[in-house]
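One-based numbering, in listed order, for ligands and for the atoms of each. Just so you know, these numbers come straight off a predicted model, no measurement behind them.
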Amino acid sequence: MTNLLTQLEQTNIPKHVAFIMDGNGRWAKNQGQHRLFGHAEGVLSVKAIIKTAREIGVQYLTMYAFSTENWNRPAEEVAGLMDLLVQAITNETNEMHENGVRLMTIGDITALPESCIKSLNEATDKTRENTNLTLVLALNYSARSEITNACRSLANEVQKGIISISQISEDLITEKLNTSGIPDPELLIRTSGECRVSNFLLWQLSYTELYFTPVHWPDFRKDEFLKAIIAYQQRERRFGKTSEQLNDTK
Ligand code: IPE
Ligand code: IPE
Ligand code: MG
């Protein structure tokens, strides 16, 4: 058992952790391997993080697996990533189901290859009622498109007279996003040293704690995840208040 577990404050486990899984390519290159080797190893990190999340009681994981911008990569890499996705879903769905994991997606999956759509739909249908942990895969995801679509949907409702302009609220916008019903992440982890958000969850991250680590995604396993949560637990989330105000109410 890792002793980092004993450092965790059980009463302050984030409900929702989001991940920008970065660095598969660099990790592979460092070993003299093809980029896809890094992506395949990255799938094992996803498995390790799901297992740890269940162990410590994180309820939602959102994983950025493919951005709308990632279509600009070499066709061979895109195809390899799509194959890997189908393979991972095919191999892992039964175990996820047995462990009470619900799979969801955000992003426009209709633009993915037919085989991906099919395996994703089957896996999300099968695991729909599970309640131990929700795994949200962001696929062909763009936060700006998500917000744009929410605006369109609200404009449409105004035009049809279903709602008035004054009824448009932060809650209503939140409901129109792909993540409707999912609480905002308390913690965002980005691996591999890049300190940017890359069009991920722009609305939902407004008060999220950001954690950047130089570790590449294929090396990000249980202990790295626990270290990130311990770092999160040491932060003071002030939400605009002063530190004194927070300590007064303790
Ligand atoms: C993250 O690793 C995986 C995806 C974006 C699909 P990268 O493939 O971006 O790895 P680097 O950034 O090139 O090292
Ligand atoms: C962001 O990673 C998207 C995913 C993790 C799927 P990238 O590696 O593509 O991000 P940028 O473009 O370098 O910021
Ligand atoms: Mg990258």
Short list, please: which atoms of ligand 2 are under 4.0 Å from a heavy atom of Arg196?
11 (P), 13 (O), 14 (O)
Atoms of ligand 1 close to Gly23 [distance to a heavy atom under 4.0 angstrom, numbered from 1]:
1 (C), 2 (O), 7 (P), 10 (O), 11 (P), 12 (O), 14 (O)
Could you state whether Leu187 and Ile230 fall into the same hydrophobic cluster, counting links through intermediate Ile, Leu, Val, Met, Phe, Trp or Tyr residues with side-chain heavy atoms under 4.5 angstrom apart?
yes
Numbered atoms of ligand 1 (with element) below 4.0 Å of Asn70, judged on heavy atoms:
5 (C)
Ligand 2 atoms in contact with Ile20 (distance to a heavy atom under 4.0 Å)
5 (C)
With distance as the sole criterion, is a donor-acceptor pair present between the side chains of Glu186 and Tyr232 under 3.5 Å?
no
If the cut-off is 4.0 Å to any non-hydrogen atom of Arg26, which atoms of ligand 1 fall inside it?
11 (P), 12 (O), 14 (O)
Heavy-atom closest pair, residues Tyr60 and Gly181:
OH-O, 4.4 Å
Thr62 side chain to His16 side chain, donor-acceptor N/O pair below 3.5 angstrom
yes
Quick check: does Asp22 have an N/O/S atom under 2.8 Å of the Mg ion (ligand 3)?
yes
Would you say ligand 1 has an N or O under 3.5 Å from any N or O of Gly25?
yes
Have a look at ligand 2 and work out which part of Phe66, if any, has a heavy atom under 4.0 Å from it: side chain, backbone, both or neither.
backbone
Scan side-chain atoms only and decide if Gln59 and Thr134 contain a donor-acceptor pair under the 3.5 Å cut-off.
no
For Tyr207 and Phe239, take the angle between the two ring planes, folded into 0 to 90°, and tell me which bin it lands in: parallel under 30, tilted 30 to 60, perpendicular over 60.
tilted
For atom 9 (O) of ligand 1, which of the options Arg73, His216, Met21 provides the nearest non-hydrogen atom?
Arg73
So, applying side-chain contact (heavy atoms from CB on, under 4.5 Å) with Leu201, which one of Asp184, Ile106, Ile20 is it?
Ile106
Nearest non-hydrogen atom to atom 13 (O) of ligand 1 belongs to which of Arg35, Lys29, Glu77, His39?
Arg35
Backbone or side chain, does any N or O of Tyr64 fall under 3.5 Å from an N or O of ligand 2?
no
Distance-only side-chain donor-acceptor flag, Thr174 / Trp203, under 3.5 Å:
yes
Linked, directly or transitively: Val215 and Val17 (ILVMFWY side chains, under 4.5 Å)
yes
Please indicate whether any nitrogen or oxygen in Ser67 is less than 3.5 Å from any nitrogen or oxygen in ligand 2.
no
Going by heavy-atom distance to atom 2 (O) of ligand 2, choose the closest among Arg190, Glu69, Glu194.
Arg190
Are the aromatic rings of Phe225 and Tyr211 close, with centres under 6.0 Å apart?
no
Heavy atom of Ala65, distance to ligand 1 below 4.0 Å:
yes
Give the residue and atom name of whichever protein heavy atom lies nearest to atom 12 (O) of ligand 2, and the separation in Å to one decimal.
Ser198 OG, 4.4 Å
Near Asp22 (heavy-atom distance under 4.0 Å), the atoms of ligand 1 are 1 (C), 2 (O), 7 (P), 9 (O), 10 (O), 11 (P), 12 (O)
